[in-house]
Amino acid sequence: MSYNTNEIQRIEEKWQKFWDEKKIFKSEMDAAKEKYYVLEMFPYPSGKIHMGHVRNYTIADVIARFRMMQGYNVLHPMGYDAFGQPAENAAIKRGVDPAEWTYGCIDEMTHELKRMGFSYDWDRGLSTCDAEYYKWNQWIFLKMYEKGLAYKKESPVNWCPSCDTTLANEEVINGACWRCKSEVKQKDLSQWYLKITDYSERLLEDLDTLKHWPERVVTMQKNWIGKSFGVEIFFKVKDSNEVIKVFTTRPDTIFGATYVVLAPEHPLVDKFTTSANKAAVEAFKKQVAALSKSERVSGTDASSESRHDAPLAGASGVFTGGYAINPVNNEIIPIWLADYVLMEYGTGAIMAVPTHDQRDFEFANKHQLPMRIVIQDPARPDLKVEQMDAAYVEEGKLVNSAQFNGINNVEAMRAIGEWMEKTNIGKTTIHWRLRDWLISRQRYWGTPIPMIYCDCCGVVPVPEKDLPVALPEKIKITGQGGSPLAYCQDFVNVKCPKCGKPARRETDTMATFFDSSWYYLRYCSAQDTSQVFDKKGAKYWMAVDQYIGGIEHAILHLLYSRFFTKFFKDIGLVSVDEPFVRLLTQGMVLKDGEVMSKSRGNTVDPDTIIVKYGADPLRVCILFAAPPEDQLEWSDGAVDGSWKFLNRLDRLVEDKFKGVKVNYTIKDLSGAAEELERERHATIKKVTSDLETYKFNTGVSAMMILINAIEKFAPKDEIEQAVFDQTLRSFVLLLAPYAPHLCEELWQKMGGTEASIIKAKWPQYDESALKRSVVEVVVQINGKLRSKIDVPIEFTSDQVRDLAMQNEIVHKWVEGKPIRKFIYVPEKLINIVI
RNA sequence: GGGCGGAUGGCGAAAUUGGUAGACGCGCUAGUCUUAGGAACUAGUGGGGCGACUCAUGGAGGUUCAAGUCCUCUUCCGCCCACCA
């Protein structure tokens, strides 16, 4: 029987059925065994899986199966992030029911995942659109509300005109909707927020405990949280009682402040705008207000300088006519407005130090504002304002700064901050970039926010016993005019739980990031309908030992999940601080150098590969082609290679495996058999460590090297046949996480007694079997490779030197020249310097 | 503009972390054989040279007995973030 398409289909179907029926991957708590929780970021059920899924889940599956074979109690669940816009868009476009559409996709996707042979415990499967799941979304929301972490706020929000809904700050990419790319506008709405900012400090601090996260993800989160130490400095307004609070991270430059700039929306602007400047200021405010955030942000972006549609491009501003007093030297300085100062950050007002801040420098040049140098480069301490063509932003010594002259500016930051606090002209503060999380969505296909508005009692939370607030079925979705639930009278009208009078339900639904912020906890007890998740289950399984997913979730999803975990810890439901111990971010799958995507039309359907080659060759190919974190350039030809590799193994077992078992050690062997036995041990070592460090590609290549050796080996007697057979047994075990179907089949053929190869013991190697008595040592002359010699490992440096000198080629090179240096790296290399 | 990664044959990539550059695979070339298949097997495959040799890890310097790996400068590419004060 050869490893052809029919046979592959037969084998793969056979074992998939077997795993399913025998529930081989069912996981149960067992205090006696060490647990290992492997999790991939659950998919949005779009129906078909794509190569990105295949890569993500294959990586996870290899890890899961490897840990199973090592004897860990592995939890490896799968579910669906099923709420969201595509289902609703399908409903709008084609009139289908979002629920029906979604469940259809889930069925299709489940079928495809099973065809890949992934080792999921399907009994723990979940879909976030099940009432049984989103009920607990609502429960969590109520808990947060109870703790003051969920609140409603009227505020300008990002509005996507195309999706007809609001977006979180995090969902706005360069001023455009992250999903549909249309430009985002501002709009005032009353929205539900989660107070993630209460957790800023912990979210930041605990990043340091995530030793097994990619450095760059940690950095990205740090930047996103954006803690900055600074000083709020109080500038009195001249001829007025008003005080402008300015936030700066550079108090060391305060003596160089030559003007103050406010955001146009700043509430104090009218207080000091002079009548002569009023018209210009009003016109400017209007102009800025008309800009969307993206236009405003791109104004001074160097890359967009050539834009013709941005009339305000290039740090535009206007003089108010008012003046402020610099508290450190009582200087009278003008107050300006500028579009580049944002009301949302800091205090909405800045002090401008054009000599030491590039933006201020450009603004001052454009509007002819004064400058003064307060930091000098100690190496060239004679910089003059007239010579500057850019701000000086390096370190240096303070000048023109009264009692602080001569101090290094970095040291001065603290000294000046402390001095200001003492003299009451400022106070040191901490500012965060992180904003509260807007979760309201004017959408149908999501979790209804469980709140009720009563004319008598105000905002009333839905009592726990009334959960879930079910999403009404079969309603008409047009995609127009905000929340679809608002048009569903049966849903909206409700009796107030407090006073019993007619009241109205909240008609917004939750952002789907809410759903995905805690699903990993739900898996710990997915069948439990009585509570959000079982504390004991969470205690046993959490944290996730290995989480795998795309880098695109480096900030949002991971930050929200960390926030939820900390919240659950605070209300006593979990004992861990962080949800994910290890994080692996897999690289993208490319085709012809571009990201594989539907919009580019360069996708390869995994299904066609499975039909043509089978799931095992696809798995091996995708793991062999590149390290998991790197981009992967897809090529059909590479699957051919993996297929050949598996085919060769199949033939070897079929034709040459005899099932001979003889007890032997490497000492009983010699020649080719000894060599093969050594390679067997070396390969076990290599593949095991590669699996532990996620170098799946070199793991495969190690196995390819071994199969080359096995093919060359011709057993001469029974003990050599035993070596041959033993090597094949080890081989099949090592390959099992990569190509599980074929390995199950071969393991059975080889007489494996376990129900599944997954229950077989992971092969062990013997370090002493790896040692050779004679090693090849490279001989370099002046660092250039000239010869190689065989050296017995017990030889001393002097003995090796003598041996090297006897070598003919070495002799030829060295003859008649004095040896300056002799370097010997044991068992590796000799370098003779002449 | 900021941050983080990259750059090695025709292609995907290895390189024990400073020690034989190109493992392994794809592709290609030549050959063998057959039950003509998606074959399989054998040999070869970075450039130059008949050769001994020599030149090669984006580019230019440097440190070292020894550099793909460390340092300085530089070019290009990818990703993430961005008037964040």
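Keep in mind that this is a model prediction, so the values were computed, not measured. Quick note on labels: first sequence line is chain A, next is B, and so on, each numbered from 1.
N807(A) and I809(A) get closest at one heavy-atom pair: OD1-N, 3.1 Å.
Look at the P atom in both G3(B) and C53(B): the space between them is 49 Å, to the nearest Å. A distance of about 27 Å separates the P atoms of A52(B) and G25(B), rounded to the whole Å. Taking atom P on both nucleotides, G6(B) is separated from C55(B) by 29 Å, rounded to a whole Å. Nucleotides C76(B) and A82(B), compared at atom C1', are 23 Å apart to the nearest Å. Nucleotides G68(B) and A56(B), compared at atom P, are 10 Å apart to the nearest Å. Taking atom C1' on both nucleotides, G78(B) is separated from U72(B) by 25 Å, rounded to a whole Å.
With the nearest nucleotide of RNA chain B identified for both W643(A) and N782(A), W643(A) has the one nearer the 5' end. Sequence order on RNA chain B of the closest nucleotides to T219(A) and T248(A) puts T219(A) first from the 5' end.
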Under 3.5 Å, which N/O atoms of the protein pair with N/O atoms of nucleotides 45-53 of chain B?
none

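Minimum atom distance to the side chain of A625(A) is reached by G12(B), of the listed G12(B), A82(B), C83(B). When distances are taken from the side chain of R433(A) to each of C81(B), C41(B), G12(B), the shortest belongs to C81(B). Distance from the side chain of I555(A) is smallest for C81(B) among the nucleotides C81(B), C83(B), A13(B).
Looking only at atom types and distance, the side chain of R648(A) has a donor-acceptor partner in the side chain of N708(A) under 3.5 Å away.
On a pure distance criterion of 3.5 Å, no polar donor-acceptor pair joins the side chain of N223(A) and the base of C80(B).
R820(A) comes within 4.0 angstrom of no nucleic acid atom, judged by non-hydrogen atoms across all strands. Within the 4.0 angstrom heavy-atom criterion, no nucleotide atom of any strand lies near P214(A). The residue F822(A) sits apart from the nucleic acid: no heavy atom pair falls under 4.0 Å. K612(A) comes within 4.0 angstrom of a nucleotide base, judged by non-hydrogen atoms across all strands.
Taking the six-membered ring where the residue is Trp, the centroids of W437(A) and F513(A) are separated by 6.0 Å or more. You'll find the ring centres of F645(A) and F624(A) outside the 6.0 Å limit.
Electrostatic pairing of E711(A) and K656(A) does not count as a salt bridge here, judged by no charged N lying under 4.0 Å from a carboxylate O. A salt bridge links K222(A) with D208(A): the distance from a Lys NZ or Arg NE/NH1/NH2 to an Asp or Glu carboxylate oxygen falls below 4.0 Å. For R651(A) and E654(A), the salt-bridge test fails: no basic side-chain N is under 4.0 Å from an acidic carboxylate O.
Between the R435(A) side chain and the W432(A) main chain, a donor and an acceptor come within less than 3.5 Å of each other.
Pairs engaging residues 824-834 of chain A under the side-chain hydrogen bond (donor to acceptor under 3.5 Å, both in side chains) rule: none recorded [sequence neighbours left out].
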What do the steps show when you test I710(A) against R680(A) for side-chain contact (heavy atoms from CB on, under 4.5 Å), and what is the final call? CA-CA 9 Å; I710(A) 300 173; R680(A) 183 177 77 87; over 6 Å; no

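Here C84(B) sits opposite no nucleotide as a Watson-Crick or G-U wobble pair (both hydrogen-bonding atom distances under 3.5 Å). As the counterpart of C70(B), G62(B) is assigned, both hydrogen-bonding distances of the Watson-Crick or G-U wobble pattern falling under 3.5 Å. Within the shown strands, nothing qualifies as a pairing partner of A23(B) under the Watson-Crick or G-U definition with both distances less than 3.5 Å. Using N1 to N3 plus N6-O4 or O6-N4 for Watson-Crick, or N1-O2 and O6-N3 for G-U wobble, each under 3.5 Å, U34(B) pairs with nothing. Across all strands shown, nothing is found opposite A56(B) as a Watson-Crick or G-U wobble partner with both distances under 3.5 Å. When both pairing distances are held under 3.5 Å, C76(B) makes a Watson-Crick or G-U pair with G6(B). Here G44(B) sits opposite C28(B) as a Watson-Crick or G-U wobble pair (both hydrogen-bonding atom distances under 3.5 Å).
Within 6.0 Å of the NZ atom in K227(A), the count of heavy atoms belonging to other residues, nucleotides or ligands exceeds 12.
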At under 4.0 Å between heavy atoms, which parts of nucleotides 16-30 of chain B does protein reach? Answer with one letter per nucleotide, 5' to 3': B base, S sugar-phosphate only, - none. B--BB--BBSSS---

